[in-house]
Amino acid sequence: MNDTAPASRPLPASDSASGPAPAPEERGRLLAEAVALRAGGRREEARERLVALAARLPGDAEVAYQTAWAHDVLGREAEAVPYYETALAGSGLTPDDRRGALLGLGSTYRTLGRYEDAAELLGRAAEEFPEDGALRAFLAMALYNTGRHHDSVRLLLTLLAATSEDPSVREYREAIAHYARDLDATG
């Protein structure tokens with residue numbers, strides 16, 4: 001994979017001077033500070049710092065992922081997209097961060113009305129991380145938005161049957177799973 005954003009969607013320029021790439025120790029410190037700001041509710045300040053850091057480290061997948069996330073939590077989904085794409089095109093994400101970036105980008109595509117992109121991406125993500133119920137739930141939403149209602153309901157019922165701890169659902173788990181495989185079954 002290449003480690004830069006797709007040519008058609010370059011990362012936005014930072015409002016502040018980008019400067020040279022920081023040393024690894026400084027990179028880690030700056031990233032940790034920005035993530036702590038986001039976690040502490042200082043989301044806009046975190047976003048600004050992450051945008052500046054991403055400008056200094058344009059191929060850093062982890063920085064791009066954290067920058068995308070910072071945009072997403074502020075409702076700035078369109079601005080998050082190139083950062084998610086950069087994160088996923090590069091290397092260096094942990095499996096958990098990769099899963100989070102796939103979910104974030106897929107959900108963002110769906111929020112922006114890019115339903116086919118969302119369904120395609122989330123479908124691949126669910127294959128890569130089959131144990132992740134959240135990916136399958138977001139995939140079901142995207143399938144619904146693309147008009148694939150049957151596939152959406154099938155996926156949600158399969159997920160419900162497999163994961164629900166509700167005693168009344170557990171009692172009918174086998175029947176729900178059976179009908180999820182064939183929603184049109186009558187006998």
Side-chain angles (χ1 to χ4, degrees), residues 1-12 35 38-39 43 46-47 50 54 58-166 169 173 176-184:
M1 289 187 184
N2 96 37
D3 63 350
T4 60
S8 62
R9 294 185 183 131
L11 288 177
V35 169
R38 185 190 68 230
R43 295 173 175 171
R47 187 196 69 79
L50 286 162
D60 189 308
E62 184 181 14
V63 170
Y65 171 51
Q66 293 297 334
T67 307
W69 190 351
H71 282 86
D72 240 352
V73 299
L74 289 168
R76 298 170 79 158
E77 289 88 357
E79 294 172 65
V81 169
Y83 292 106
Y84 277 129
E85 290 173 341
T86 295
L88 290 167
S91 60
L93 291 179
T94 65
D96 193 50
D97 282 351
R98 178 167 171 76
R99 183 205 56 78
L102 289 164
L103 179 63
L105 181 57
S107 174
T108 297
Y109 280 161
R110 195 184 81 72
T111 300
L112 295 172
R114 294 175 59 180
Y115 303 134
E116 290 295 337
D117 290 336
E120 189 274 327
L121 180 78
L122 291 165
R124 284 189 290 117
E127 287 176 11
E128 186 175 338
F129 296 97
E131 73 291 345
D132 192 292
L135 284 168
R136 290 182 283 158
F138 278 87
L139 173 58
M141 288 184 265
L143 290 170
Y144 173 85
N145 293 127
T146 62
R148 292 177 265 179
H149 304 129
H150 188 275
D151 292 337
S152 176
V153 171
R154 178 186 49 78
L155 185 56
L156 286 174
L157 287 174
T158 301
L159 182 60
L160 178 70
T163 63
S164 180
E165 294 302 322
D166 182 302
V169 172
R173 180 172 286 165
I176 293 168
H178 169 75
Y179 287 115
R181 289 187 293 275
D182 184 4
L183 287 168
D184 298 316

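- The side-chain hydrogen bond (donor to acceptor under 3.5 Å, both in side chains) check on Arg124 picks up Glu120, with sequence neighbours excluded.
- Minimum heavy-atom separation, Thr146 to Ala119: CG2-CB, 4.2 Å.
- Counting only heavy atoms from C-beta outward, the side chains of Val81 and Leu105 approach each other to under 4.5 Å.
- Every residue was checked against the ring-ring contact (aromatic ring centres under 6.0 Å, His included) condition with Phe138, not counting sequence neighbours, and none meets it.
- If you take OH on Tyr84 and NE2 on His71, they are separated by 10.5 Å, rounding to the nearest 0.5 Å.
- The shortest non-hydrogen separation linking Ala180 to Thr158 is CB-OG1, 3.5 Å.
- Between the side chain of Arg181 and the main chain of Ala177, a donor-acceptor pair closer than 3.5 Å is present.
- Atom CZ of Arg43 sits about 11.0 Å away from atom CG of Asp72, to the nearest 0.5 Å.
- One distance of note links CG of Asp117 with OG1 of Thr108; it measures 12.0 Å at 0.5 Å rounding.
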task: Apply the test side chain to side chain contact (heavy atoms under 4.5 Å, CB included) to residues Leu122 and Met141: give CA-CA distance (whole Å), side-chain angles for both, the deciding distance (0.1 Å), then the verdict.
output: CA-CA 10 Å; Leu122 291 165; Met141 288 184 265; over 6 Å; no
Walk me through whether Val63 and Thr67 qualify under side chain to side chain contact (heavy atoms under 4.5 Å, CB included). CA-CA 6 Å; Val63 170; Thr67 307; 4.0 Å; yes
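- Here the shortest heavy-atom pairing between Ala126 and Leu139 reads CB-CD2, 4.3 Å.
- Between the CG atom in Leu121 and the CG atom in Leu102 there is a gap of 5.5 Å [rounded to 0.5 Å].
- Side chain of Ser107 to backbone of Gly104: no donor-acceptor contact under 3.5 angstrom is found.
- Put simply, CZ on Arg136 and CG on Leu159 are 5.0 Å apart, with the number rounded to the nearest 0.5 Å.
- Taking all atoms of both residues into account, the shortest heavy-atom contact from Ser152 to Leu143 is CB-CB, 4.0 Å.
- When all heavy atoms of Ala78 and Pro82 are compared, the pair lying nearest together is O-CD, 3.6 Å.
- When side chains are defined from C-beta on, Leu157 counts as touching Leu183, because their heavy atoms get closer than 4.5 Å.
- Looking at Tyr65 and Tyr83, their side chains never come closer than 4.5 Å, going by heavy atoms from C-beta outward.
- A donor-acceptor contact shorter than 3.5 Å is absent between the side chain of Arg148 and the backbone of Ala142.
- Between atom CZ of residue Arg47 and atom CD of residue Glu79 there is a gap of 6.0 Å, rounded to the nearest 0.5 Å.
- Shown here are the ring-ring contact (aromatic ring centres under 6.0 Å, His included) partners of Tyr144, two or more places apart in sequence or in another chain: His149.
- Considering every non-hydrogen atom in both Arg110 and Tyr115, the closest pair reads O-CE2, 3.3 Å.
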